[in-house]
Amino acid sequence: MFICRISKILKHNATHKTLFLDLKMRAQPGQFVMVWIPGIDEIPMSLSHFGNEIAITVEKVGEATEALHNMKKGDKLGIRGPYGNGFKIVGKKALFVAGGVGIAPLLPLIKEYEGEKCVILGARNKNLLLFEDEIKKFANLYITTDDGSAGYRGFATDLAKKILMREKFDVVYTCGPEPMMKKVLDLCIKSKIPLQASLERYMKCGVGICDSCAIDGYHVCKDGPVFNESILMKLSDFGKWKRNEAGRKISIS
Amino acid sequence: MLETKIASVKMKNPLMLASGILGLTKESLEKFKDAGAVVTKSIGKKERKGYKNPVFYELSCGILNAIGLANPGIDEYIKEIKGARINLIGSIFGKNEEEFLYVAEKFKPYVKAFELNMSCPHAKKLGMEYSTRKIRETVELIKQVGKPVFVKLGVENILRRAEKAIEGGADGIVAINSIKAMAICIDVAKPVLGNKIGGYSGEAIKPIGIRCVYEIAANFDIPVIGVGGITNEKDVIEYMMAGAHAVQIGTAIYYEGEGIFKKIAKKLKRWLEENGYNSIKDIIGLALKN
């Protein structure tokens with residue numbers, strides 16, 4: 001575990017912040033780190049930026065993420081990783097479908113991907129859109145909001161369906177709420193396009209020995225977090241079940 | 001050559017998966033088809049979320065963990081393992097005999113034997129606290145369920161506790177559990193583990209495990225299953241020469257993955273051949289004679 005300091009904080013809105021940490025790390029887009037908030041908790045977080053510094057983009061959803069939101073520049077965190085497989089860069093034309101904070105692991109991929117890039121960035125409303133300006137520098141950006149406060153009114157998957165009907169892509173990359181990713185999988189199977197999706201599960205060890213993030217024989221921490229369409233099709237839990245801290249299956253709502 | 005048997009549990013080799021590593025789902029358990037037997041996660045009567053993260057911390061010669069007996073409860077767990085095609089041993093924890101019995105009865109159709117975890121080093125009021133005076137009656141009660149009973153013990157007071165388990169009719173003693181330990185991050189002046197205290201496992205504890213197995217084997221006539229810091233075939237041989245009839249491997253899975261069973265079994269066989277032994281059984285307790 002590396003102990004590092006918060007070097008910069010970007011406040012996106014009331015519930016989203018990006019914390020930059022003074023830790024040099026080489027990683028693959030889509031890989032994650034275990035973030036120790038001393039005395040509070042340890043949680044898996046995708047890297048939204050890596051290189052001479054790393055960054056995590058944090059949505060306030062519980063005690064640990066709230067603690068991260070309350071931290072100041074100079075505060076210390078513990079980092080283990082990078083862990084997991086990350087996205088594989090394939091083809092020359094990619095569609096990225098991001099829901100909410102799901103854009104975080106896709107952001108470094110959008111930057112690294114060489115070729116034609118189209119990004120659908122979906123959020124509940126205008127205030128919750130993340131990294132719009134940064135994405136625009138690298139890709140064609142389409143925005144969707146559930147309430148129509150910016151861009152196309154509706155879900156990211158609605159727009160993805162339309163775009164996939166009129167254009168051919170070599171690959172689709174997605175991250176966001178699992179029901180959304182399940183819809184993207186269905187679209188990709190129908191259009192016969194390879195898909196890579198980054199999954200989220202409750203994690204404890206982060207290194208494949210505790211079984212907390214087990215999904216149909218795979219471990220999200222070690223075999224994932226990115227899975228391709230041929231594996232996703234076989235995962236009976238995908239879009240339906242996750243596990244709680246005790247390892248009991250609970251419904252994804 | 002590697003076949004062995006403890007009570008009625010037949011194993012194709014003496015290498016078992018230790019409790020706590022993976023073992024939550026059928027698919028995870030079935031990954032260990034090269035092991036002689038596979039021990040489940042420790043399962044209790046009710047769902048238990050375990051301790052707050054971090055529950056895992058890697059040290060230079062082992063791992064510190066404080067999972068805290070997280071498990072979905074036996075009723076949910078049997079749905080997970082139903083149909084697992086593997087030589088399964090059900091690990092059970094409880095705060096009293098009633099809880100042990102409840103889990104054992106539910107486990108019975110799915111497992112070849114029970115392993116009673118009476119020694120989890122980081123569970124408050126569970127396992128570690130399982131008092132020596134209750135061991136005998138608990139083992140007696142679980143024996144009535146009708147499957148072999150192995151009792152997993154920690155280092156503290158191990159001979160006295162082993163004696164109680166044997167009096168209760170245990171079919172084997174599993175020694176040792178991880179050792180109560182702690183790590184502090186000096187940069188933030190705080191214990192790393194969410195529970196502050198956890199169990200230390202891996203290479204560093206092997207000599208302690210060897211000592212415990214040796215002492216139990218020297219003092220009692222009962223099969224011992226050795227566990228603690230085994231990473232290669234030489235460690236297995238050492239445990240068996242100390243008196244172990246079989247061994248369990250846990251932490252090494254972190255370093256080498258499930259393939260370690262196949263690898264060690266192969267090397268173990270080669271070592272026996274090269275050293276003129278016909279069976280793995282021939283080396284059990286060799287060091288006790290000298």
Side-chain angles (χ1 to χ4, degrees), chain A residues 1-5 23 33-45 62-64 67 71 74-81 83 201-223 234-237 241-250, chain B residues 17-18 20-31 40-41 43-44 46-59 63 65-73 75-77 79-80 183-194 196 201 250-258:
Chain A
M1 183 159 62
F2 307 102
I3 298 294
C4 55
R5 285 177 192 273
L23 182 66
V33 290
M34 293 298 288
V35 179
W36 179 43
I37 310 143
I40 310 251
D41 204 346
E42 186 188 43
I43 55 170
M45 291 293 306
E63 194 195 352
M71 293 187 104
D75 285 351
K76 290 173 182 171
L77 290 171
I79 298 289
R80 296 194 276 136
Y83 293 134
R201 283 294 180 279
Y202 185 83
M203 285 181 193
K204 291 190 178 185
C205 75
V207 293
I209 56 167
C210 79
D211 237 1
S212 297
C213 64
I215 174 166
D216 299 273
Y218 293 91
H219 293 105
V220 174
C221 70
K222 206 177 170 189
D223 305 311
K234 290 187 287 186
L235 302 180
S236 60
D237 286 359
W241 301 98
K242 56 182 181 178
R243 291 176 188 277
N244 69 1
E245 300 96 309
R248 181 168 59 84
K249 279 192 185 183
I250 51 174
Chain B
L17 174 70
I21 301 290
L22 297 167
L24 178 66
T25 70
K26 178 178 157 232
E27 293 86 357
S28 295
L29 291 165
E30 285 180 339
K31 283 183 182 171
T40 68
K41 251 186 206 310
I43 303 297
K46 287 189 208 129
E47 170 180 344
R48 194 178 140 91
K49 292 190 172 171
Y51 296 125
K52 208 153 217 197
N53 280 358
V55 295
F56 169 92
Y57 186 53
E58 187 180 354
L59 296 167
I63 289 172
N65 94 83
I67 295 278
L69 300 170
N71 81 101
D75 293 287
E76 283 294 320
Y77 189 65
K79 293 184 206 162
E80 292 277 358
I184 288 164
C185 173
I186 60 170
D187 294 306
V188 296
K190 280 187 168 65
V192 176
L193 295 175
K196 300 183 178 72
S201 62
T251 304
I253 315 289
Y254 167 58
Y255 304 103
E256 300 211 22
E258 56 266 20

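Labels below follow one simple rule: chain letters A, B, ... track the order of the sequence lines, proteins then strands, and each chain is numbered from 1.
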Rounded distance [0.5 Å steps], CG in Leu29(B) versus CG in Asp211(A): 7.5 Å
Interface residue of largest heavy-atom contact number with chain A, from Glu58(B), Lys26(B), Lys41(B), Glu258(B), under 4.5 Å: Lys41(B)
Part of Lys31(B) lying under 4.5 Å from any heavy atom of chain A: side chain
Side-chain heavy atoms of Phe56(B) within contact of Met34(A), under 4.5 Å: no
Validation row: Cys210(A), Val55(B) side chains within 4.5 angstrom (heavy atoms): no
Set of residues satisfying salt bridge (Lys or Arg N to Asp or Glu O under 4.0 Å) with respect to Lys190(B), sequence neighbours excluded: none
Neighbour count >12 (heavy atoms, 6.0 Å) for atom CZ, Phe2(A): no
Toward chain A, the part of Lys79(B) with a non-hydrogen atom under 4.5 Å: neither
Test item: Tyr254(B) and Cys205(A) side chains (from C-beta on) under 4.5 Å apart, heavy atoms: no
Gap separating the OG1 atom of Thr25(B) from the CG atom of Asp216(A), nearest 0.5 angstrom: 8.5 Å
Contacts of Leu193(B) that satisfy side-chain contact (heavy atoms from CB on, under 4.5 Å) - sequence neighbours left out: Tyr57(B), Leu64(B), Ala66(B)
The single option from Lys204(A), Glu63(A), Glu245(A) passing side chain to side chain contact (heavy atoms under 4.5 Å, CB included) against Lys52(B): Glu63(A)
Glu47(B) bridged to Arg248(A) by N-O distance under 4.0 Å: yes
Asp187(B) CG to Ile3(A) CD1 distance, which is reported to the nearest 0.5 Å: 5.0 Å
NZ (Lys196(B)) with more than 12 external heavy atoms under 6.0 Å: no
side-chain contact (heavy atoms from CB on, under 4.5 Å) evaluation trace for Val192(B) with Glu42(A): CA-CA 10 Å; Val192(B) 176; Glu42(A) 186 188 43; over 6 Å; no
Top contributor to chain B contacts, counting heavy-atom pairs under 4.5 Å, from Gly39(A), Ser212(A), Ala246(A): Ala246(A)
Which of Met203(A), Arg243(A), Lys249(A) touches chain B most, by non-hydrogen pairs under 4.5 Å: Arg243(A)
Greatest number of heavy atom pairs closer than 4.5 Å to chain A - which of Ala70(B), Gly23(B), Pro54(B), Ser28(B): Pro54(B)
Most contacts with chain A, counted as non-hydrogen pairs under 4.5 angstrom, among Cys185(B), Ala189(B), Gly73(B), Gly50(B): Cys185(B)
Region of Glu80(B) that comes under 4.5 Å of a non-hydrogen atom in chain A: side chain
Closest non-hydrogen atom pair between Pro191(B) and Trp36(A), with its separation: O-CZ2, 3.6 Å
Atom of Gly247(A), atom of Pro72(B) and distance for their closest heavy-atom approach: C-CB, 4.2 Å
Contacting region of Asn244(A) [heavy-atom separation from chain B under 4.5 Å]: side chain
Residues, nucleotides or ligands: over 12 heavy atoms within 6.0 Å of Arg5(A) CZ: no
Segment of Ile63(B) engaging chain A (4.5 angstrom heavy-atom cut-off): side chain
Atom group of Ile37(A) that falls short of 4.5 Å from chain B, counting heavy atoms: neither
